[in-house]
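A short worksheet on the structure shown next.
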Amino acid sequence: MTTEVLGAPIKRREDRRFITGRGRFLDDIKLPGMAHLAILRSPYAHANINGIDTSAARSMPGVLAVFTGADIPYNPLPMAWPAGGSAGLQNNVNTPRVLTTDGAKWTGEGVAAVVAETPEQAVDALAVIQVDYEPLPAVVDAEKATQPGAPQLHENAPNNVVFDWTVGDRDGTDRALAEAEVVVRQRIVNQRLIPNPMEVRGDIGRYDPGTDEYTIWMSSQTPHIQRLLLSAFVMGIPEHKIRCISPDIGGAFGTKIYTYADMALALFASKHLNGRPIKWVESRRENYQSTIHGRDHITYLEIAARRDGEVTGLKVKTFANLGGRLSTIGPGIPTTLYGRVLSGPYRIPNVFCEVVGVYTNTTFVDAYRGAGRPEATYVVERAMDLVADELGLDPAAVRRRNFLPNDAFPYTNPSGLYRASGGAEVAIDSGNYEPALNKALTNAGYYELDKARQEARTRGKYLGVGLSSYLEICGVAPSKWIGAVGDGWGAAMWESANIKVHLTGKVVLTIGTQPQGQGHETTFAQIVAHELGIPMEDVVVQHSDTQGTPFGYGTYGSRSAAVGGAATIKATDRIKEKARRMAADMLEAAVEDIEIVGADYRVKGSPDKVKTFQEIATTLALGFYLPQDMEPYLDATAYYDPTNCTWPFGTHVAIVEVDEETGVVNLIRYVAVDDVGNKINPMIVDGQLHGGIVQGAGQALWEGAVYSGDGQLLSGSMLDYALPRASWLPQLELDQTVTPSPVNPLGVKGVGEAGAIASTAAVANAVIDALSPLGIRHLDMPFTGQAVWRAIRSAKEGQP
Ligand code: MCN
């Protein structure tokens, strides 16, 4: 009997423990003899350090050890994605050390550390460490940092330039601009964001003097990668000497992909203290200062178009702020995941993109939900609206005119995402953009909004509608391609799955991906139950421990379903194949004559000659009656390397009202049509879209990291950083089209980032549309009441 679990909206099985307070997060772990680590962070954004006196701290109550950078013999943290094609980047790599040895490059950089019996004692001792800082001028703005006379952060990076990277056809795009019927130019800022998972980061390091082995519990999306990077790159010890365990993770949104200094510090401290387990958990303020930030682009945009709205060229120069030092994959985000996808779902014949990666005295920037693709979508979706505005055309019609037609696939875009050095090529394999747009417009009542606009004016409001037709690259990625575009040390991106079938027919699936709230324990069990025809309750999903799971690259880039799910299908295929061979022997039939119907293995044409999956598993586990060439036990491991990424798309429509008196923006409706291919669990898909849409709307309306000119993080706590509240948002109206991905056996495309990629541009376009009667054609985010009020006032009074 086939169980109907695949595609069913099954409640997340992990929620039982999460919503009853029984999740086991990093800080819930308490080990015997555990001591606590605290890190002294620079109060200056840019400073030389002329000396550190730790003597007073050493004699504080409970203090076990005090370290500075000079005490720690480890290498600097690794940088794993040096942005293909960026000349000279190898010379400009400056990553953090475990504790700095060359001064502070941002407010919050680690300067010294204390280990004490209690967390409070460790923090108290930090207060008496004397650091002789020599403050230096700071720069926080990426564009200003490249200008002559700006403070310089690193000797090996003149003008603070990490790389000056280009992609596309500069001459062709310049020609398109020169010959265009209209050209629109705009400077747009994609402001810096601070990711806010509910659980902050933390580690527990434990060294075993008996075996000379290390274990680290870490709030990490990538335990297998961390084992490699910590051992081989940072600590210089064999990889098999470290075990990495990720317990339950309370959200990550990209922030827990990377190698952080605290991980190495916890391990170093444990060895120093002869094996005492060392715990470090960051405060929210530390999280804001020293866990990665996202976005932070300044972009100059030039669009060439014909009068009928056809876009003929897109030229972009972006200053990408990468912070004071580079995070693990920082340079890969504004290049591969931004510049190479700029043309979105459109056929734009000429595209040229230059990205200047820049050091500034700010926290490092790396992948935050969407990572490069929200920034790219923002650029191209603002471009579509700017063209429509310039030409007096309907923004929906401009999008329709420029969409890739259905016969364009496979499509290789001109910004060269899909052609990398080394011959690897990835193309947009499928899409059907216009039906998604049309459905979204219908659901939003797009063409009937004029009455609502007029009615809003009678109440002192401006009503605006904004579109965002996005195309996302995700499900990363073919290893050959990622290795080629990364120009790195051969990053691969395949995934793994192992299935063990116990004697009783119960199944354990272990996966190399690592959930942080996406419901993998549910969706992966759905896949296995469907494929093996067994009840979902018979399947348990395990992950997160490098000792017990097959190597996997982890969870990011909305890849777990498309890549890990496909590995799981491969593993179930192998299980079924062996079970079929066993059934043939048990039923004295030829293997070709065994058909699998749900969990029944039966002889074709003789439905009474049948063995169940459980009977077969038992026989294989006991091993009493196996054919000559059959190994006992039913298990299989599979590795899956996709041949392409997946390409979700859709159109989102935001409707806002702006109060003329106060500038306050109210998001009154949000309509989304997404195409994520087949769905394993539609309820989880909706949940992923809800979260993503709200994060993206948060950027448009409220969020923004603010630094003072001297590099102090003014939005340094949740009191100062405006996260969206549920009551600020309308009910989200979701709908779909379904274009299965041809790449993987499930036909799924990623959904984990889609909402965040689409929604910022939709909401921004809506606010700017609302303000268009005042002659406003662009405004930078976030559209706080104050910012919008100022824009309204200056538009009305002609004042800046
Ligand atoms: N799924 C499905 N049908 C599809 C696609 C996916 O049912 N067609 C299911 C999957 O099985 C999985 C979930 O939806 O349970 C998300 O799948 P996928 O799109 O493959 O994304 P990942 O599991 O790889 O998750 C990564 C993605 C990213 S990159 C960020 S950032 C993000 C996100 O997921 N961070 C999150 N969603 C998050 N959700 C929570 N709660 N917390 C985070 O930190």
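By convention here, the first residue in the shown sequence is residue 1. Numbering of ligands and ligand atoms starts at 1, following listing order.
- When only modelled atom types and interatomic distance are considered, Gln514 and Ser544 share a side-chain donor-acceptor pair under 3.5 Å.
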- [ ] Kindly determine whether Thr739 and Asp675 satisfy side chain to side chain donor-acceptor pair (under 3.5 Å), including the steps that lead there.
- [x] CA-CA 6 Å; Thr739 311; Asp675 193 318; 2.6 Å; yes
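- At a heavy-atom cutoff of 4.0 Å, ligand 1 is contacted by both the backbone and the side chain of Ile680.
- Among Glu495, Lys256, Gln518, the residue whose heavy atom lies nearest to atom 36 (C) of ligand 1 is Gln518.
- At a heavy-atom distance under 4.0 Å, only backbone atoms of Lys749 (N, CA, C or O) approach ligand 1.
- Atom 11 (O) of ligand 1 has its nearest heavy-atom neighbour, among Asp675, Leu689, Thr523, in Thr523.
- Of the listed residues (Ala561, Gly557, Gly554), the one carrying the non-hydrogen atom nearest atom 29 (S) of ligand 1 is Gly557.
- Neither the backbone nor the side chain of Thr513 comes within contact range of ligand 1; no heavy atom lies under 4.0 Å.
- Under 4.0 angstrom from ligand 1, the non-hydrogen atoms of Val751 come from both its backbone and its side chain.
- Residue contacts with ligand 1, taken as heavy atom pairs separated by less than 4.0 Å, involve Tyr556 solely via the backbone atoms N, CA, C and O.
- Distances from atom 31 (S) of ligand 1 to the heavy atoms of Phe253, Tyr368, Phe524 show the closest one on Phe253.
- With a heavy-atom cut-off of 4.0 Å, Glu753 touches ligand 1 through its side chain alone.
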TODO: Would you please test Gln516 and Gln518 for side chain to side chain contact (heavy atoms under 4.5 Å, CB included) and show each step?
DONE: CA-CA 6 Å; Gln516 318 113 49; Gln518 296 90 345; 3.2 Å; yes
- [ ] Could you walk me through whether Lys749 and Ser741 pass side chain to side chain donor-acceptor pair (under 3.5 Å), step by step?
- [x] CA-CA 6 Å; Lys749 300 184 272 189; Ser741 166; over 6 Å; no
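- Within the 4.0 Å heavy-atom cutoff, Gly251 counts among the residues contacting ligand 1.
- Contact check for Ile216 versus Gln226: no side-chain heavy atoms found under the 4.5 Å cut-off.
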